[in-house]
Amino acid sequence: MTGPEAGALPHHPGPSRAPSARTLLRHWLRHQPPAAFAFVMATGIVAQALSDAGWVPLSRALLWLAAAALAVLAVGLVGRLATNRAGAVADFRDPHVGFGYLTMVAACNVVGTGFHATLPGVTWALALASIPLWLFLAYGIPLSMMLRTEMGEGGGGAGLLPRLLPVDGTWFLWVVATQSLSVVAATLAVDNSSIRLLSDAAVAFWGIGIMLYLTLTTLVMLRLLTGGENHGGIVPANWIFMGATAISVLAGSMILNLPAGVPVLDLAAATVGGISYLLWAFGLWWVPLLVAFGIWRHLVRREPLQYVTALWSIVFPLGMFSVATFHFGHENRMPLVATLGQWADWIAVAAWTLAALGMAVAGIRFIRRGALP
């Protein structure tokens with residue numbers, strides 16, 4: 001008998017109960033998204049923007065919040081590997097989300113750089129932790145994709161375009177993570193006995209990041225012009241394009257600010273300065289286009305604007321652009337550029353505030369919903 005028994009009243013469930021703390025913890029450990037560390041990146045760089053604007057106490061508060069979130073999310077990642085390793089590995093092999101794991105590398109170095117003035121040991125510890133992560137992820141993710149293609153597991157169809165379709169803005173996290181190593185190396189090189197080694201590393205990572213940037217720009221632009229949207233997440237992902245540009249400019253600015261007499265600076269200063277300025281202009285050019293695409297998406301197509309983790313992939317590029325613009329203009333005696341960076345600080349702060357409010361509201365609704373997805 002599949003229906004209710006004869007004479008029995010149909011069962012109507014009562015009001016749903018909010019999930020217990022243990023249930024929420026288990027759900028978080030099993031389903032933490034790879035790009036969750038984007039919150040740390042966004043919070044850390046907005047803290048730097050506030051410091052540049054002179055709001056030091058608020059900057060320190062956000063930096064400590066970023067550090068706490070980094071620790072919590074690291075525990076969450078370990079928990080996911082322990083409770084849902086198959087899901088974590090599947091995300092690692094998915095070209096649409098796998099590069100999100102590289103947010104761990106950038107998060108470590110954004111937070112570490114923020115603490116350099118007061119706790120340089122934290123900077124060193126996080127930088128050293130980020131290097132094996134970068135080696136594993138920066139090689140492992142693309143290698144996994146290449147092996148899948150060799151084994152015939154890639155996207156079907158003939159021709160060039162089907163193979164390019166998986167490419168989206170999240171791939172620029174490859175650049176962001178690499179340039180974060182350049183930034184932290186240049187930060188540590190200023191006052192360290194290994195200044196030559198660290199300066200060489202800063203320029204080397206910057207160069208690797210630039211080559212990755214140029215390669216991915218070609219692929220992503222081709223996909224944008226011919227491919228269409230992927231998984232409904234193209235808007236936040238495309239902002240990472242601008243974030244990769246901005247962190248490349250910041251790394252270049254810090255390289256140009258290395259102490260005089262470093263041999264690698266004599267060799268590379270002109271190249272770093274010229275390319276950094278061109279990238280800054282290109283990043284600025286991107287902003288109206290990204291804003292216009294967002295307006296088209298939400299006002300013309302009327303797609304609902306709601307909180308998703310990917311929104312932090314918009315906040316981080318805005319914060320990075322403001323910090324990079326201010327430092328590049330200030331350190332190269334370009335006052336108009338520096339002023340633009342100061343104005344952009346408040347746009348980044350506003351974006352962080354809105355995203356944080358959205359996250360809080362979404363969290364409350366999630367708890368009150370009474371059921372987990």
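The structure displayed is predicted, hence computed values, not measured ones.
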Side chain to side chain donor-acceptor pair (under 3.5 Å) filter on S253, not counting sequence neighbours, yields E331
Residue set satisfying side chain to side chain donor-acceptor pair (under 3.5 Å) with W174, at least two apart, ordered chain then number -> none
* Any chance the rings of F136 and F92 have centres within less than 6.0 Å? -> yes
| message | Quick one: does any side-chain atom of T218 pair with a main-chain N or O of L214 as donor and acceptor, under 3.5 Å? | response | yes
Smallest heavy-atom separation, A106 atom then V176 atom, equals CB-CG1, 3.9 Å
- prompt: For H327 and D52, does a side-chain donor sit closer than 3.5 Å to a side-chain acceptor?
  reply: yes
Nearest heavy-atom approach of A127 to N109 is CA-OD1, 3.6 Å
In terms of heavy-atom contacts, V203 and A268 come closest through CG1-CB, 4.0 Å
Tabulate below the donor-acceptor pairs under 3.5 Å that side-chain atoms of residues 334-352 make, not counting sequence neighbours, or state none.
from : atom 1 : to   : atom 2 : distance (Å)
T339 : OG1    : P335 : O      : 2.9
D345 : OD1    : S322 : OG     : 3.2
W352 : NE1    : T43  : OG1    : 3.0

H330 meets the ring pair (Phe, Tyr, Trp, His ring centres under 6.0 Å) criterion, sequence neighbours left out, with F326
| request: Scan side-chain atoms only and decide if Y213 and S248 contain a donor-acceptor pair under the 3.5 Å cut-off. | output: no
Sorted by chain and number, sequence neighbours left out, ring pair (Phe, Tyr, Trp, His ring centres under 6.0 Å) with F205 holds for W134
Taking every heavy atom of R93 against every heavy atom of S144, the minimum-distance pair comes out as CG-OG, 3.6 Å
Heavy-atom nearest pair, L137 first then P142, reads O-CD, 3.7 Å
Do R60 and S51 pair up side chain to side chain, a donor and an acceptor below 3.5 Å, judged on atom types alone? no
Open item on the list: Take a 6.0 Å sphere around CZ of F282 and say whether it holds more than 12 heavy atoms from other residues, nucleotides or ligands.
Closed with: yes
Residues M320 and I247: closest non-hydrogen pair is CG-N, 3.5 Å
Return all side-chain donor-acceptor pairs below 3.5 angstrom for residues 63-82, not counting sequence neighbours, or 'none' if the list is empty.
from : atom 1 : to  : atom 2 : distance (Å)
R80  : NE     : R30 : O      : 3.2
R80  : NH1    : Q32 : O      : 3.3
R80  : NH1    : D91 : OD2    : 2.8
R80  : NH2    : G87 : O      : 3.4
R80  : NH2    : D91 : OD2    : 2.9

Problem set entry | Test item: S59 side-chain N/O and A47 main-chain N/O as donor-acceptor pair under 3.5 Å | yes
Q. Within the distance-only criterion (no hydrogens, no angle test), does the side chain of N332 pair as donor or acceptor with the backbone N or O of F328 below 3.5 angstrom?
A. yes
